[in-house]
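Below is one structure, written out as structure tokens; comments come after it.
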Amino acid sequence: GAGVSQSPSNKVTEKGKDVELRCDPISGHTALYWYRQSLGQGLEFLIYFQGNSAPDKSGLPSDRFSAERTGGSVSTLTIQRTQQEDSAVYLCASSSNRGDEQFFGPGTRLTVL
Amino acid sequence: AQSVTQLDSQVPVFEEAPVELRCNYSSSVSVYLFWYVQYPNQGLQLLLKYLSGSTLVKGINGFEAEFNKSQTSFHLRKPSVHISDTAEYFCAVLTVGGGYQKVTFGTGTKLQVIP
């Protein structure tokens with residue numbers, strides 16, 4: 001596709017449920033990032049994938065959060081046993097291997113009731 | 001370790017007035033610098049970037065930024081703002097090494113243009 005896509009655009013879930021958020025990066029981009037943007041907050045780095053290398057998971061807030069990237073393309077962010085404080089917009093971005101700009105998806109707005 | 005500081009969380013400015021949004025960074029290695037903009041209810045998009053060469057970088061919508069290595073700054077400026085510039089602006093620093101790249105974003109500055 002022409003840009004980074006994310007699905008779903010909105011997700012409402014009940015506390016304690018698991019959710020999966022999907023990101024389709026720009027074709028050929030080897031780097032993929034997940035961020036969280038809470039109301040009134042900046043961008044919080046969650047996890048970074050670079051090609052087939054081990055991901056940088058240093059930003060994941062707890063062990064309830066995990067992510068995978070299959071075949072170096074599509075990525076899924078999973079939040080287990082969701083809590084109300086997980087409510088936020090989750091952004092995905094991809095970039096080329098040249099250390100250049102990131103292209104952001106539209107985000108998934110997660111609401112935990 | 002690297003960090004980005006945007007000291008001003010909100011900047012109100014009258015329409016057609018000049019504006020400067022400040023960004024300072026710290027890094028032990030060479031950096032690439034970016035400004036991203038997020039318009040209300042929209043995603044982030046690149047405003048401008050500094051990779052190398054001229055330290056004065058021009059971006060979209062009349063914005064420009066100057067890389068100052070000695071002051072470790074990359075302030076964003078526009079000589080005359082428009083209502084449509086109301087948005088949140090994020091400064092970011094990127095370092096590359098060992099096959100990895102690391103990006104750090106500032107906490108953002110909300111620019112409010114007053115008619």
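Convention: sequence-line order gives letters A, B, ...; per-chain numbering from 1.
Criterion: ILVMFWY side-chain heavy atoms under 4.5 Å apart, direct or through other members. Under it, A:Leu32 and A:Val89 are not part of a common hydrophobic cluster. If you chain together hydrophobic residues whose side chains sit under 4.5 Å apart, B:Val11 and B:Tyr89 fall into the same group. Neither A:Leu77 nor A:Ile26 shares a network with the other; the hydrophobic side chains, linked directly or stepwise wherever heavy atoms of I, L, V, M, F, W or Y lie under 4.5 Å apart, form separate groups for each. Criterion: ILVMFWY side-chain heavy atoms under 4.5 Å apart, direct or through other members. Under it, B:Phe67 and B:Phe34 are not part of a common hydrophobic cluster.
Annotation: residues 36-45 of chain B contacts chain A through B:Tyr36, B:Gln38, B:Leu44 [non-hydrogen atoms, separation under 4.5 Å].
One finds the CD atom of A:Glu101 at 11.0 Å from the CG atom of B:Leu47 (value rounded to the nearest 0.5 Å).
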Please output the side-chain donor-acceptor pairs of residues 102-109 of chain A that fall under 3.5 Å, not counting sequence neighbours, one pair per line with the distance.
{"from": "A:Gln102", "atom 1": "OE1", "to": "A:Tyr35", "atom 2": "OH", "distance (Å)": "3.1"}
{"from": "A:Gln102", "atom 1": "NE2", "to": "A:Tyr35", "atom 2": "OH", "distance (Å)": "3.1"}
{"from": "A:Thr108", "atom 1": "OG1", "to": "A:Pro8", "atom 2": "O", "distance (Å)": "2.5"}

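Shown here for B:Val103 and A:Tyr33, the closest heavy-atom pair between the two residues is CG2-OH, 3.4 Å. Across every non-hydrogen atom of B:Leu94 and A:Asp100, the tightest pair is CD1-O, 3.8 Å. The heavy-atom pair separating A:Leu43 from B:Phe105 by the smallest distance is CD1-CD2, 3.5 Å.
Shown here is A:Glu85, whose CD atom has more than 12 heavy atoms of other residues, nucleotides or ligands within 6.0 Å.
Residues that satisfy the salt bridge (Lys or Arg N to Asp or Glu O under 4.0 Å) test with B:Lys69, not counting sequence neighbours, are absent from this structure. Considering only residues two or more places apart in sequence or on other chains, B:Arg22 meets the salt bridge (Lys or Arg N to Asp or Glu O under 4.0 Å) condition with B:Asp8.
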